[in-house]
Peer 1: 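I'd like to ask you about the structure that follows.
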Amino acid sequence: MNPEVGVETNPNVVRKKQKQKQARTILLFVLPGLLVYSVFILYPILATFNYSFFNFSGGQSQRTFVGLSNYTTLFADQTFWQALKNNSFIILVSVFVQIPLGLMMALVLFSPIKGVKLLNVLYFLPYLMSTVAIGLLWIFMFDPMNGPVNQVVKLFGQNPIPWLADKNTAMIAVLLVIVWQFAPFYMILFKAAMVGIPDELYEAARIDGANGTQQFFYITFPSLIPTIVTSSILAVVGSLKQFDIFYIMTGGGPGNSTEILGTYMFKQGFINFNMGYASTIAAMMFILAFIAVLIIQFIEYQRKKRGIMI
């Protein structure tokens, strides 16, 4: 018997070669996407961490290695802590206001009321607008003299409020705009998830005498938990990456009352030309987002492990 023939006809060897061929085919299709990811995502992240150990302006090739000096300066920087505090407010509003509001909007669209198609368009319209247009629109809305918001305030006999010029109200005003803009995004996520819930579950619940509230808490809400987890991750990461709406509406002012990590990083890098310090801020943004995602994923893992539905 020819030993080479035996090897070729061995089922285990044949399966192994088929798996290797399949792996090469998969790698061939994944390689372009992996290349794009490496160039535009992975490399900038690694470069940011590398730049954070240097002191340079960004306009010159000369760089001075300073080690962890930028991080030491950052942790002693009061503006950084103020910006982080403001980002924390955005996270809380995004998770505990935007997501529940998006869920309520999705429930309204699934309710048997007239004008659902019109509501679908009206609800999603803010998310379709560009952030620049939204920022300019709401600057006009919050105008102290002629803005519609203050016109409503005057109807209640109150003096006009300088929403974006007052340290006590500027952050609230921008947070309201963020909720208005991004709640429709979570509405779409919940609406898509609710479409996938089998109608048989609701029919069985109605036969058993369950009312609408009971159907929500025992069928709809448990089925939406994976979407809630995903929405929470997106909300946390998106909150830490916020920049454009704050830069357009307040520029981080008045004072540092609306300064966030994104605007502070921009000012350090492109106004003060301190690219090393700006890279340090960007690196901290990545670290904070990464830790937040790990915490959410760990909580979700523990929930699944213990079999907790809610």
Peer 1: Are S94 and S239 close enough that a side-chain donor and a side-chain acceptor fall under 3.5 Å?
Peer 2: yes

Peer 1: Flag the pair F185 / F182 as yes when their ring centroid distance falls below 6.0 Å, and as no otherwise.
Peer 2: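 F185 vs F182: aromatic centres not under 6.0 Å.
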
Peer 1: Following the transitive rule for hydrophobic clusters with a side-chain heavy-atom cut-off under 4.5 Å over Ile, Leu, Val, Met, Phe, Trp and Tyr, establish whether I299 and V293 coincide in one cluster.
Peer 2: yes

Peer 1: Can the ring centres of Y264 and F80 be said to be less than 6.0 Å apart?
Peer 2: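 Here the rings of F80 and Y264 have centres that are no less than 6.0 Å from each other.
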
Peer 1: So, T280 side chain and G276 main chain: donor-acceptor pair closer than 3.5 Å or not?
Peer 2: yes

Peer 1: Give a yes or no on whether the ring-centroid distance for Y51 and F56 is below 6.0 angstrom.
Peer 2: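 Centroid separation for Y51 and F56: below 6.0 Å.
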
Peer 1: Tell me whether I90 shares a hydrophobic cluster with I172, the cluster being built from Ile, Leu, Val, Met, Phe, Trp, Tyr side chains joined at under 4.5 Å.
Peer 2: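 As far as the 4.5 Å side-chain criterion goes, I172 and I90 are not connected within one cluster.
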
Peer 1: Decide yes or no for N50 and L46: does some side-chain heavy atom of the first lie under 4.5 Å from some side-chain heavy atom of the second?
Peer 2: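 Result no, sub-4.5 Å side-chain heavy-atom pair not found.
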
Peer 1: Kindly check if the number of other-residue, nucleotide or ligand heavy atoms within 6.0 Å of NZ (K154) is above 12?
Peer 2: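 Above 12, so yes.
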
Peer 1: Hey, what's the ring geometry for F266 with F243, parallel, tilted or perpendicular (30° and 60° as the breaks)?
Peer 2: tilted

Peer 1: Is there side-chain contact between L107 and F216, with at least one heavy-atom pair below 4.5 Å?
Peer 2: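 Touching, per the 4.5 Å side-chain cut-off.
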
Peer 1: Check the pair T131, Q181 against side-chain hydrogen bond (donor to acceptor under 3.5 Å, both in side chains), reporting the backbone distance first and the verdict last.
Peer 2: CA-CA 8 Å; T131 304; Q181 180 184 8; 3.3 Å; yes

Peer 1: When you measure from the side chain of D208 to the backbone N and O of A210, does any donor-acceptor pair fall under 3.5 Å?
Peer 2: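 No, D208 side chain to A210 backbone: no donor-acceptor pair under 3.5 Å.
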
Peer 1: Using the rule that Ile, Leu, Val, Met, Phe, Trp and Tyr join whenever any side-chain heavy atoms are under 4.5 Å apart, tell me whether V177 and L128 fall into a single cluster.
Peer 2: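 Yes, V177 and L128 fall within the same hydrophobic cluster.
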
Peer 1: Between L122 and M129, is there shared hydrophobic-cluster membership here, with clusters defined by ILVMFWY side-chain heavy atoms closer than 4.5 Å?
Peer 2: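 Shared cluster, no.
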
Peer 1: Using side-chain heavy atoms (C-beta onward) and a distance below 4.5 Å, is Y277 in contact with L74?
Peer 2: yes

Peer 1: When you look at M275 and R63, which way does the side-chain contact (heavy atoms from CB on, under 4.5 Å) test go after all the steps?
Peer 2: CA-CA 10 Å; M275 282 293 179; R63 294 180 293 176; over 6 Å; no

Peer 1: Checking side-chain contact (heavy atoms from CB on, under 4.5 Å) for the pair L119/M105: CA distance, chi angles, key distance, verdict?
Peer 2: CA-CA 9 Å; L119 287 176; M105 292 163 67; over 6 Å; no

Peer 1: Which of these, I91, L261, N87, sits in a side chain to side chain contact (heavy atoms under 4.5 Å, CB included) with L288?
Peer 2: L261

Peer 1: Indicate the ring-plane relationship of W180 and W138, choosing parallel, tilted or perpendicular according to the 30° and 60° boundaries.
Peer 2: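 W180 and W138: perpendicular rings.
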
Peer 1: Does any non-hydrogen side-chain atom of I99 lie less than 4.5 Å from one of F190?
Peer 2: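 Heavy-atom side-chain distance check passes, below 4.5 Å.
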
Peer 1: Between V132 and D244, is there a side-chain heavy-atom distance shorter than 4.5 Å?
Peer 2: no

Peer 1: Does M104 belong to the same Ile/Leu/Val/Met/Phe/Trp/Tyr cluster as V93, with side-chain heavy atoms less than 4.5 Å apart forming each link?
Peer 2: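 M104 clusters together with V93.
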
Peer 1: Is any side-chain heavy atom of K85 less than 4.5 Å from a side-chain heavy atom of W81?
Peer 2: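 Answer no - side chains too far apart.
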
Peer 1: Evaluate W163 against T250 for side-chain contact (heavy atoms from CB on, under 4.5 Å), listing each step before the verdict.
Peer 2: CA-CA 10 Å; W163 293 96; T250 64; over 6 Å; no

Peer 1: Report the relative orientation of the aromatic rings in Y71 and F75; use parallel for angles under 30°, tilted for 30 to 60°, perpendicular for over 60°.
Peer 2: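 The rings of Y71 and F75 sit tilted, inter-plane angle from 30° to 60°.
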
Peer 1: Are side-chain heavy atoms of Q151 and L155 found at a separation under 4.5 Å?
Peer 2: no

Peer 1: Evaluate the side-chain hydrogen bond (donor to acceptor under 3.5 Å, both in side chains) criterion for residues Y202 and T220: first the C-alpha distance (whole Å), next the side-chain angles of each, then the deciding distance (0.1 Å), finally the verdict.
Peer 2: CA-CA 9 Å; Y202 293 104; T220 307; 2.6 Å; yes

Peer 1: Hey, does I225 have a side-chain heavy atom less than 4.5 Å from the side chain of E300?
Peer 2: yes

Peer 1: Assess whether side-chain contact (heavy atoms from CB on, under 4.5 Å) is satisfied between L101 and Y186, documenting all intermediate values.
Peer 2: CA-CA 8 Å; L101 182 59; Y186 300 105; over 6 Å; no

Peer 1: Between T263 and E259 (side chain of the first, backbone of the second, donor and acceptor by atom type, cut-off under 3.5 Å), is there such a pair?
Peer 2: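 Not at all, since once roles are kept as given, no pair shorter than 3.5 Å links the two residues.
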
